[in-house]
Asks: 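Handing you a structure now.
All values below were derived from every heavy atom in this structure, side-chain atoms included, with hydrogens, water molecules and symmetry-related copies excluded. For reference, positions follow the sequence shown, starting with 1. This structure is a prediction, so every number in the text was calculated from the model and none was measured.
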Amino acid sequence: MGKLYALTSDEVTALEKENQELVRSLAGECMVVLENDGTLPLKKEERTVALYGSGARHTVKGGTGSGDVNSREVINIYEGLKAEGFDVVSEDWLDEYDKILSDAESKYMDDVNKKAQEKHVPPIMIMFSTPFVSPDENLITDVKDTDVAIYVISRNSGEGADRFNVKKDYELDDAEIANIKFLAENYKKTIVLLNTGAVIDTKPLRNTEGINAVMIVGQMGNIGGNIVADVLTGKSVPSGKLTDTWAENYSDYPSSETFSHNNGNVDDEYYTEGIYVGYRYFDTFGIKPAYSFGYGKGYTEFAYEVKDVTADEKKVNVSVEVTNTGSEYAGREVIQVYVTAPEGAIEKPFKELRGFAKTSLLEPGQKETVTVSFDTVSMASYDITRAAYVLEKGEYIVRAGNSSDNVTAAAVLSLDNDVVTVQCKNLFGLDEAVDEIHAPKREKEDASGLKHIELSSALFVTEKIEYQENRPVLEDKRSGEKLTMDDVHEGRATLEELVAQLSLEEMAQLCVGLYDKSASNVVGSASGSVVGAAGETVGIPDRKIIPTINADGPAGLRLQPHFKVAKDGKILPGGEVFGMSVNPFPEDTPEDAIDYYQYCTAIPIASTLAQSWDMDLIEKMGHLVGKEMQQFHIHLWLAPGMNIHRNPLCGRNFEYYSEDPLVSGSCAAADTKGVQSFEGQGTTIKHFAANSQEDNRMYNNAHVSERTMREIYLRGFEIAVKTSQPLSVMTSYNLINGIHSANNKDLLQGALRDEWGFKGFVMTDWFSSQDARSIGLAPENVKYDCASSPACIEAGNDVQMPGCKQNVDDIISGVNEGRISLGDVQFCAGNILGVVAQCK
Ligand code: BGC
């Protein structure tokens with residue numbers, strides 16, 4: 001066992017307090033008011049409430065699986081309201097529901113444990129594939145003596161399983177609808193709160209008369225109840241905007257028919273909607289959503305006026321004056337700039353988000369001018385025939401507004417000729433034809449009344465990418481010495497010289513994350529020196545190479561909160577927590593064992609954070625996590641997750657930001673900046689790439705066109721890498737056009753390193769290069785095989801996490817038998833050591 005950084009006292013620490021205060025002061029900004037007739041915020045005299053719904057006392061703090069952060073306690077909405085002095089008059093209903101839920105949970109855990117024993121796998125594996133489904137709520141039958149009713153709808157999901165378009169999941173169930181209807185009919189004011197991490201069906205809410213306010217409170221971490229209470233009373237102002245399109249019907253989403261289990265095929269996923277994901281689809285095909293991307297009301301009203309648009313070959317700048325036109329409440333507005341690009345040879349969505357900015361808190365009557373700026377070349381589209389990003393000649397209409405449905409055309413940029421902005425090569429050849437949908441040609445828009453700005457094609461510079469083909473073998477020029485990392489730190493040797501000296505065996509070990517653990521080594525329990533960290537890279541003590549210690553997120557730091565250590569220093573079994581699965585300390589735990597504690601802050605989940613559209617806020621959250629990483633000695637945070645919300649049913653959408661790559665990339669970059677403001681700490685942006693589905697997540701083949709890959713599924717990662725240089729990237733489990741991401745050299749070398757300049761190391765997602773079927777992590781009857789260990793090395797996937805001895809042997813024999821080159825292994829080892837050199 002290495003040095004322990006956990007605390008030996010379970011007193012609430014100053015850092016915990018400080019971090020919770022910070023979350024409390026910020027998180028209200030993430031909530032999105034969908035409807036409000038003036039009921040919210042509640043007036044001072046409205047402190048007696050009838051509180052109902054599964055989420056009232058069982059508020060979901062974040063999703064399940066590796067994204068579930070083990071905090072000290074969770075303040076639910078009931079407790080949050082009580083702490084603010086509310087009188088909750090529906091205790092009888094809440095007590096009855098507690099009982100119904102606890103019975104259902106015990107039954108579920110009994111079933112899980114039984115199945116786990118039968119299958120000889122840890123219970124968490126069963127929980128991943130068959131998540132808990134909440135029981136039917138008790139019906140509300142009496143009216144309490146108050147005017148205000150609050151109903152909390154909760155939904156939970158997590159890794160390993162996608163959601164379903166059924167009652168209790170995407171849809172509300174009969175009891176929920178009946179209860180909401182009862183409240184709406186019997187109370188003067190009915191408020192519905194959505195404690196969800198992803199889109200649900202809001203039709204029943206819109207069809208029920210008498211609902212006065214609907215707010216997405218999201219999933220806010222361990223003090224969610226306090227945050228909700230602050231927002232309901234107006235102490236905090238909700239200023240969130242949707243980062244997804246909330247459709248009228250699930251079937252309106254273009255991938256709904258075939259997504260995941262919907263068509264019974266979880267092996268192959270054909271991305272036939274192409275670039276038309278989210279609002280790009282709804283907008284272009286004229287489908288009206290229930291609530292559009294970018295929408296959110298707040299407690300006040302705003303007016304906005306475009307003051308000026310300027311543009312040249314470098315930047316487009318849009319200045320917008322925003323006025324709080326309300327008379328009672330302060331608020332913040334998000335100005336969004338969308339561009340309609342000309343349709344030449346390349347088909348274009350009707351409009352795409354190119355930039356956004358949020359005002360500061362404006363009091364009634366107060367004004368502020370915000371300027372949204374973005375790179376002119378970011379308006380380019382990928383042309384597969386030219387293997388290049390191209391700005392086509394013609395008119396670019398710049399629109400500004402406060403949601404994708406409420407924009408005003410502000411200016412026209414006229415480009416005289418086509419410009420190749422980046423000359424690439426095509427990297428993602430399709431393995432099977434994907435019949436992508438196409439939009440009808442648009443009529444030319446009359447833009448004559450708008451400000452015209454000429455852009456001269458001659459002024460643009462084309463960036464030409466040089467792709468690295470072979471990796472040279474490094475010669476050991478200091479063979480008489482034994483170099484160590486200390487020599488590198490102290491300037492006596494270069495990193496290359498150290499790598500050149502490593503034996504093939506040493507490098508093979510470095511490239512395979514910690515593997516010599518017991519069979520119970522499942523996600524979340526691999527690390528030795530930081531208990532509950534998800535894994536470590538391997539250290540080589542006689543070369544002074546330390547391991548990097550890696551812990552999950554993204555909604556905080558996931559560690560084991562309480563563990564025991566015997567007098568001889570051995571970490572004792574028990575105490576692991578994975579959501580509902582708790583392993584008690586065994587009876588024979590020695591009495592003199594020492595208790596250790598690692599309580600971390602559960603911050604709002606990614607999809608809730610993104611709704612703030614406030615990159616400073618997200619950077620502060622990253623900084624907060626960074627402090628806890630420092631306290632508990634974590635080098636790499638296995639977060640943020642930044643896959644695109646292709647379909648609302650993806651089980652892990654809560655861990656990801658948005659359907660839009662600009663939002664997703666900006667959020668991940670902000671989070672990274674926060675974490676990486678501490679020396680020797682980094683983020684691991686994941687899951688690279690196209691990890692849109694959880695059913696059969698390890699062996700699903702995403703068939704995606706080159707343009708769609710680049711403009712939708714890679715763009716966010718590109719933004720995050722170019723603007724924040726995360727220390728690490730985690731590949732996704734899935735295949736892309738027949739090749740596992742973990743084995744895809746075009747993805748990891750061509751796009752990530754050659755095109756975007758990534759400098760850190762790449763790791764696989766857990767067990768990617770092992771047959772997960774044989775360790776109970778994947779179903780038996782799947783079509784595709786697992787990723788290969790030598791192919792990870794060839795691809796530049798530097799570390800296989802957590803690997804197995806076979807992975808090491810396969811690398812060594814791969815080189816010895818000439819199947820992979822020594823230069824490739826040295827390249828991976830060099831990338832790892834480049835990061836290790838920055839860690840302490
Ligand atoms: C998840 C990753 C996570 C890893 C380690 C995997 O199952 O997909 O997101 O970081 O486990 O816990």
Asks: Which value, rounded to the nearest 0.5 Å, describes the distance between L391 atom CG and S381 atom OG?
Replies: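 Interatomic distance, L391 CG to S381 OG, rounded to 0.5 Å: 7.5 Å.
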
Asks: Aromatic rings Y271 and Y713: how do their planes relate, parallel, tilted or perpendicular, breaks at 30° and 60°?
Replies: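 If you compare the ring of Y271 with that of Y713, the planes turn out perpendicular.
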
Asks: Quick one: do the T39 and D37 side chains pair a donor with an acceptor below 3.5 Å?
Replies: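 Yes, side-chain donor-acceptor contact under 3.5 Å.
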
Asks: Scan side-chain atoms only and decide if T245 and Y291 contain a donor-acceptor pair under the 3.5 Å cut-off.
Replies: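 There is no such pair (donor and acceptor under 3.5 Å, judged by atom type) between the side chains of T245 and Y291.
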
Asks: Calculate, to the nearest 0.5 Å, the distance between atoms CD and OG1 belonging to Q366 and T300 respectively.
Replies: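 Rounded to the nearest 0.5 Å, the CD-OG1 separation comes to 11.5 Å.
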
Asks: Do I180 and I153 come close enough that some side-chain heavy atom pair is under 4.5 Å?
Replies: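 Of all side-chain heavy-atom pairs linking I153 with I180, at least one is under 4.5 Å.
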
Asks: Applying side chain to side chain contact (heavy atoms under 4.5 Å, CB included) to Y151 and T190, what does each step give before you reach the verdict?
Replies: CA-CA 8 Å; Y151 185 89; T190 299; 5.5 Å; no

Asks: Is any side-chain heavy atom of V23 less than 4.5 Å from a side-chain heavy atom of L26?
Replies: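 The answer is no, as the side chains (C-beta and beyond) never meet within the 4.5 Å cut-off.
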
Asks: Flag the pair F282 / D252 as yes when at least one side-chain heavy-atom distance between them is below 4.5 Å, and no otherwise.
Replies: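 The answer is yes; the side chains approach within 4.5 Å.
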
Asks: Looking only at the side chains, is there a donor atom on one of T243 and E659 sitting less than 3.5 Å from an acceptor on the other?
Replies: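 Judged by distance alone, the side chains do not pair up.
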
Asks: Would you indicate whether K451, at its atom NZ, is surrounded by more than 12 heavy atoms from other residues, nucleotides or ligands within a distance under 6.0 Å?
Replies: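 Enclosed: over 12 neighbouring heavy atoms sit under 6.0 Å from NZ of K451.
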
Asks: Count the heavy atoms belonging to other residues, nucleotides or ligands that lie under 6.0 Å from CD of E301, then report whether that count exceeds 12.
Replies: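 No, not enclosed.
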
Asks: Does either side chain, that of Y657 or that of D244, offer a donor lying less than 3.5 Å from an acceptor on the other one?
Replies: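 No.
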
Asks: Looking at D375 and K315, does any basic side-chain N land under 4.0 Å from a carboxylate oxygen?
Replies: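 Yes, this pair counts.
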
Asks: Between S255 and N647, is there a side-chain donor-acceptor contact under 3.5 Å, judged purely by atom types and distance?
Replies: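 Yes.
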
Asks: Would the distance check show the side chain of E392 and the main-chain N or O of A345 forming a donor-acceptor pair, the cut-off being under 3.5 Å?
Replies: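 Side chain of E392 to backbone of A345: a pair is present.
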
Asks: Decide, yes or no, whether a salt bridge links K444 with E395 under the criterion of side-chain N to carboxylate O below 4.0 Å.
Replies: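 Result for this pair is yes, salt bridge flagged.
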
Asks: Indicate whether any N or O donor in one side chain lies under 3.5 Å from an N or O acceptor in the other, for E269 and H703.
Replies: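 E269 vs H703: no donor-acceptor pair found between side chains.
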
Asks: Ignoring hydrogens and geometry beyond distance, is a side-chain donor-acceptor pair present between T371 and S319 at under 3.5 Å?
Replies: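 Their side chains do contain a donor-acceptor pair, which is all the 3.5 Å distance test asks for.
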
Asks: Does T421 reach the main-chain N or O of V377 with its side chain, forming a donor-acceptor pair under 3.5 Å?
Replies: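 A pair under 3.5 Å: no.
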
Asks: Could you tell me whether E159 and K686 have a side-chain N and a carboxylate O separated by less than 4.0 Å?
Replies: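 Not counted as a salt bridge, because no side-chain N and carboxylate O are separated by less than 4.0 Å.
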
Asks: Kindly say whether H687 contributes a backbone atom to a donor-acceptor pair with the side chain of N643 at under 3.5 angstrom?
Replies: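 Looks like yes, one N/O pair under 3.5 Å.
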
Asks: Under 3.5 Å, is there a donor-acceptor pair between the side chain of R442 and the main chain of K348?
Replies: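 Looks like yes, one N/O pair under 3.5 Å.
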
Asks: If we ignore hydrogens and angles and just use 3.5 Å, is the side chain of H452 paired with the main-chain N or O of L450 as donor and acceptor?
Replies: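 A pair under 3.5 Å: yes.
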
Asks: I'd like to know whether W613 forms a side chain to side chain contact (heavy atoms under 4.5 Å, CB included) with V663, so could you lay out the CA-CA distance, the side-chain angles of the two residues, the decisive distance to 0.1 Å, and finally the verdict.
Replies: CA-CA 8 Å; W613 291 65; V663 172; 4.0 Å; yes

Asks: Using every non-hydrogen atom in the two residues, find where S292 and L242 come nearest and quote the distance to one decimal.
Replies: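 S292 and L242 have their closest heavy atoms at O-CD1, 3.5 Å.
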
Asks: Checking T59 against N195: is there a side-chain donor and acceptor pair closer than 3.5 Å?
Replies: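 No - no donor-acceptor pair under 3.5 Å links their side chains.
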
Asks: Assess whether side-chain hydrogen bond (donor to acceptor under 3.5 Å, both in side chains) is satisfied between S260 and E694, documenting all intermediate values.
Replies: CA-CA 8 Å; S260 185; E694 284 303 301; over 6 Å; no

Asks: Are any non-hydrogen side-chain atoms of T608 and V217 less than 4.5 angstrom apart?
Replies: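 T608 does not reach V217 side chain to side chain.
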
Asks: Just by distance, no angles: are the side chains of T284 and Y279 close enough, under 3.5 Å, to form a donor-acceptor pair?
Replies: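 Distance-only check fails for T284 and Y279.
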
Asks: Donor-acceptor pair, distance only, cut-off 3.5 Å: does the side chain of S658 make one with the backbone of D660?
Replies: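 Present.
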
Asks: Dump the intermediate steps for side chain to side chain contact (heavy atoms under 4.5 Å, CB included) on T310 and V318, then the final yes or no.
Replies: CA-CA 7 Å; T310 59; V318 184; over 6 Å; no

Asks: Taking 4.0 angstrom as the limit, do E248 and R206 come out as a salt bridge?
Replies: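 Judged by the 4.0 Å cut-off on N to carboxylate O distance, E248 and R206 do form a salt bridge.
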
Asks: Any luck finding a side-chain donor-acceptor pair between K358 and S239 under 3.5 Å?
Replies: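 The answer is yes; a qualifying pair exists.
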
Asks: Test salt bridge (Lys or Arg N to Asp or Glu O under 4.0 Å) on E176 and R155; report intermediate values, then the result.
Replies: CA-CA 12 Å; E176 288 174 318; R155 288 293 183 271; 2.9 Å; yes

Asks: R163 and side-chain contact (heavy atoms from CB on, under 4.5 Å): which partner among I200, N156, D695, N653?
Replies: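 Exactly one pass, corresponding to I200.
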
Asks: Compare all side-chain heavy atoms of W246 with those of Y295 and state whether any distance is below 4.5 angstrom.
Replies: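 Not touching, per the 4.5 Å side-chain cut-off.
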
Asks: Between E352 and R280, is there a salt bridge with N-O shorter than 4.0 Å?
Replies: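 Yes, charged N to carboxylate O under 4.0 Å.
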
Asks: Sequence neighbours excluded, which residues qualify as ring pair (Phe, Tyr, Trp, His ring centres under 6.0 Å) partners of Y276?
Replies: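 So Y276 forms a ring pair (Phe, Tyr, Trp, His ring centres under 6.0 Å) with F285.
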
Asks: Contact between V339 and F374 at the side-chain level, heavy atoms closer than 4.5 Å - yes or no?
Replies: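 The answer is yes; the side chains approach within 4.5 Å.
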
Asks: Is it the case that more than 12 heavy atoms not belonging to N207 sit under 6.0 Å from its CG atom?
Replies: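 Yes - once you tally the heavy atoms of other residues, nucleotides and ligands closer than 6.0 Å, there are more than 12.
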
Asks: Just checking, is any N or O donor in the side chain of D446 or S448 under 3.5 Å from an acceptor N or O on the other one?
Replies: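 There is such a pair between these side chains.
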
Asks: Would you indicate whether the side-chain heavy atoms of S705 and V434 approach each other to under 4.5 Å?
Replies: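 Not in contact.
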
Asks: The criterion is salt bridge (charged side-chain N to carboxylate O under 4.0 Å, His left out); which residues satisfy it with E363, sequence neighbours excluded?
Replies: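 Listed in chain order: nothing, the list is empty.
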
Asks: Is it the case that over 12 heavy atoms from other parts of the model lie below 6.0 angstrom from the NZ atom of K167?
Replies: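 Open.
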
Asks: If you round to the nearest 0.5 Å, how far is OH of Y656 from NE2 of H645?
Replies: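 One gets 8.5 Å once the value is rounded to the nearest 0.5 Å.
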
Asks: Report the C-alpha distance between L413 and M379 in whole Å, list the side-chain angles of each, state the deciding distance to 0.1 Å, and finish with yes or no for side chain to side chain contact (heavy atoms under 4.5 Å, CB included).
Replies: CA-CA 11 Å; L413 318 179; M379 301 187 299; 3.9 Å; yes

Asks: Give me each pair satisfying side chain to side chain donor-acceptor pair (under 3.5 Å) with a member in residues 328-343, each pair once, sequence neighbours excluded.
Replies: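 Those involving residues 328-343 are E29-R332, K241-E333, R332-D614, E333-N402, Q336-Y338, T340-R399.
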
Asks: Are side-chain heavy atoms of I177 and L172 found at a separation under 4.5 Å?
Replies: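 With C-beta onward as the side chain, the pair touches.
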
Asks: Taking R646 first and then E273, would you say they form a salt bridge - that is, a charged N and a carboxylate O separated by under 4.0 Å?
Replies: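 Salt bridge between R646 and E273, a charged N being under 4.0 Å from a carboxylate O: yes.
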
Asks: Check the surroundings of atom NZ in K203: do more than 12 heavy atoms from other residues, nucleotides or ligands lie under 6.0 Å from it?
Replies: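 Correct, the count exceeds 12.
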
Asks: Could you walk me through whether R707 and E711 pass the salt bridge (Lys or Arg N to Asp or Glu O under 4.0 Å) check?
Replies: CA-CA 6 Å; R707 179 181 178 199; E711 290 188 20; 2.8 Å; yes

Asks: Is a side-chain donor-acceptor pair under 3.5 Å present for S732 with N691?
Replies: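 Not at all, the side chains of N691 and S732 share no donor-acceptor pair under 3.5 Å.
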
